[in-house]
Amino acid sequence: MPELPEVEYASRVLRRAVVGRRIVRVRVMHRSLEARLPPSAQRRMEGRTVRAVERRGKYQLLHLDDGSVLLAHFRMTGDWSIGRVRESDAPYARAVLELDDGTRVTLADSRALATLTLVDDVSAALPVLGPEPDDASFTPQTLAALLSRRRGAIKPVLLDQRVVAGLGNIYAAEALWTARISPRVTAHSLGPARLARLVRAIHQVLRRAPAARYSAARSGSRWNVYDREGLPCRRCGHGVRRIVQAGRSTFYCPFCQKR
DNA sequence: GGTCGCCTGGTA
DNA sequence: TACCAGGCGACC
């Protein structure tokens, strides 16, 4: 999935295409999606007008005019493809919204892990999410409070959406590199100075993230540590290491990211 | 906390 | 052929 900057960009693309438009037809072309968005929900969406599009963490919320909300989550490989109803389906099309102006919004998702759910009560349906990284409430102090009882390594903790909403595997690694903090440090052991660096680093890596998809450029050249195993650290030249934490790859510089 | 499963595709 | 992948929820 895309992480926060990509989802933010996708939600803007979606907003431009759908707000004020009426959904005339819904199609679901993949079994696992069909289970989450059954024909009854598809029928219910047809004829509804999209009032607004919001983003919360990596979720996109399409507010419909009957009060229901379509929750979209891209997981690893989802994305919107905006086209016209008369065109042939986009590659990896898993679901389609056809709009009254002839626009076709496609959920394109090679791995088919993305989810669409129609809900009446968003707060009941959404998991608890931490602050948005750009929210004023995301500070070294509030982060310290959230980490105070976390005895695990900081990197997997940063992926916990209850701590901060929207960070994923790439930008968690990038932020720790920027803050010169080892991904293996126990979360609650970080003091005020390092927490301040971490908050600043999270802001910085997200702000500098390109809006479009990762695939737009080659990996290894666009990040400071992510996907750079064995390559020299861009800061100190020491070899970047890859370890596995909570089943996910972590890339870091064992020399200049301190424990 | 860690591990697995969900799905499918790209790459070594 | 095997391993890896931007996420996350269920399970121990």
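So that the names make sense, note that chain A is the first sequence line, chain B the second, and so on, each numbered from 1.
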Query - Euclidean distance, atom CH2 of residue Trp223(A) to atom P of dA5(C) [Å, nearest integer] - result: 12 Å
Could you list all N or O pairs between the protein and nucleotides 9-12 of chain C that sit under 3.5 Å apart?
unit_1, atom_1, unit_2, atom_2, d
dG9(C), OP1, Tyr59(A), OH, 3.4

**Report entry** Span of DNA chain B in contact with chain A (heavy atoms, under 4.0 Å)
**Finding:** dG1(B) to dG10(B)
Requested in this report: Could you list the residues that satisfy side chain to side chain contact (heavy atoms under 4.5 Å, CB included) with Arg242(A), not counting sequence neighbours?
Outcome: Glu229(A), Val244(A), Ser249(A), Phe251(A)
Requested in this report: Please report, rounded to the nearest Å, how far the P atom of dA5(C) is from the CD atom of Glu3(A).
Outcome: 13 Å
Report task. Please state the P separation for the pair dG9(C) and dG9(B) - nearest whole angstrom. Result -> 24 Å
Requested in this report: Respond yes when some side-chain nitrogen or oxygen of Arg111(A) is under 4.0 Å from OP1 or OP2 of dA5(C), and no when none is.
Outcome: no
Query raised in the report: Distance under 6.0 Å and angle within 45° of the ring axis: does Arg235(A) meet both against Trp177(A)?
Result: yes
Requested in this report: Provide the distance between the two C1' atoms, one in dG10(B) and one in dC8(C), to the nearest whole Å.
Outcome: 22 Å
Query raised in the report: With sequence neighbours left out, what residues match Arg31(A) under side chain to side chain contact (heavy atoms under 4.5 Å, CB included)?
Result: none
**Report entry** Full working for salt bridge (Lys or Arg N to Asp or Glu O under 4.0 Å) between Asp101(A) and Arg22(A)
**Finding:** CA-CA 8 Å; Asp101(A) 64 348; Arg22(A) 188 164 45 86; over 6 Å; no
Requested in this report: Find the distance between CD (Gln141(A)) and CZ (Phe138(A)) and round it off to the nearest 0.5 Å.
Outcome: 11.0 Å
Report task. Could I get the full list of side chain to side chain contact (heavy atoms under 4.5 Å, CB included) partners for Val85(A), not counting sequence neighbours? Result -> Glu98(A), Arg104(A)
Query raised in the report: Would Asp160(A) and Lys155(A) pass as an ion pair if we require N to O under 4.0 Å?
Result: no
Query raised in the report: Are the charged groups of Arg55(A) and Glu132(A) less than 4.0 angstrom apart, N to O?
Result: yes
Report summary line: When rounded to whole Å, the CG to C1' distance for the pair Leu159(A) and dA5(C) reads 14 Å
Requested in this report: For Ser249(A), report the nucleic acid contact type (base, sugar-phosphate, nothing); a contact means any heavy atom under 4.0 Å.
Outcome: sugar-phosphate
Query - Check ion pair Asp120(A)-Arg44(A) (N to O, under 4.0 angstrom) - result: yes
Requested in this report: Could you measure between the two C1' atoms, the one in dA5(C) and the one in dG1(B), and give it in whole Å?
Outcome: 23 Å
Query raised in the report: Looking at Arg48(A) and Asp65(A), does any basic side-chain N land under 4.0 Å from a carboxylate oxygen?
Result: yes
**Report entry** Over all atoms of both residues, closest heavy-atom pair of Leu116(A) and Leu33(A)
**Finding:** N-CD2, 3.6 Å
Query raised in the report: Once you round it to whole Å, what is the distance between P of dG7(C) and CD of Gln245(A)?
Result: 14 Å
Query raised in the report: Taking CG from Asp227(A) and C1' from dC4(C), how many angstroms apart are they, rounded to a whole number?
Result: 10 Å
**Report entry** Rounded P spacing from dT1(C) to dC7(B) in Å
**Finding:** 23 Å
Requested in this report: For Asp160(A) and dG7(C), give me the distance from atom CG to atom P, rounded to whole Å.
Outcome: 13 Å
Query raised in the report: How long is the gap from CZ on Arg259(A) to OG on Ser182(A), to the nearest 0.5 Å?
Result: 5.0 Å
Report task. Would you mind reading off the distance between Leu33(A) atom CG and dG7(C) atom P, rounded to a whole angstrom? Result -> 18 Å
Query - Per-nucleotide pairing state of DNA chain C [Watson-Crick or G-U, under 3.5 Å; [ ] pseudoknot-crossing; | other strand] - result: |||||.||||||
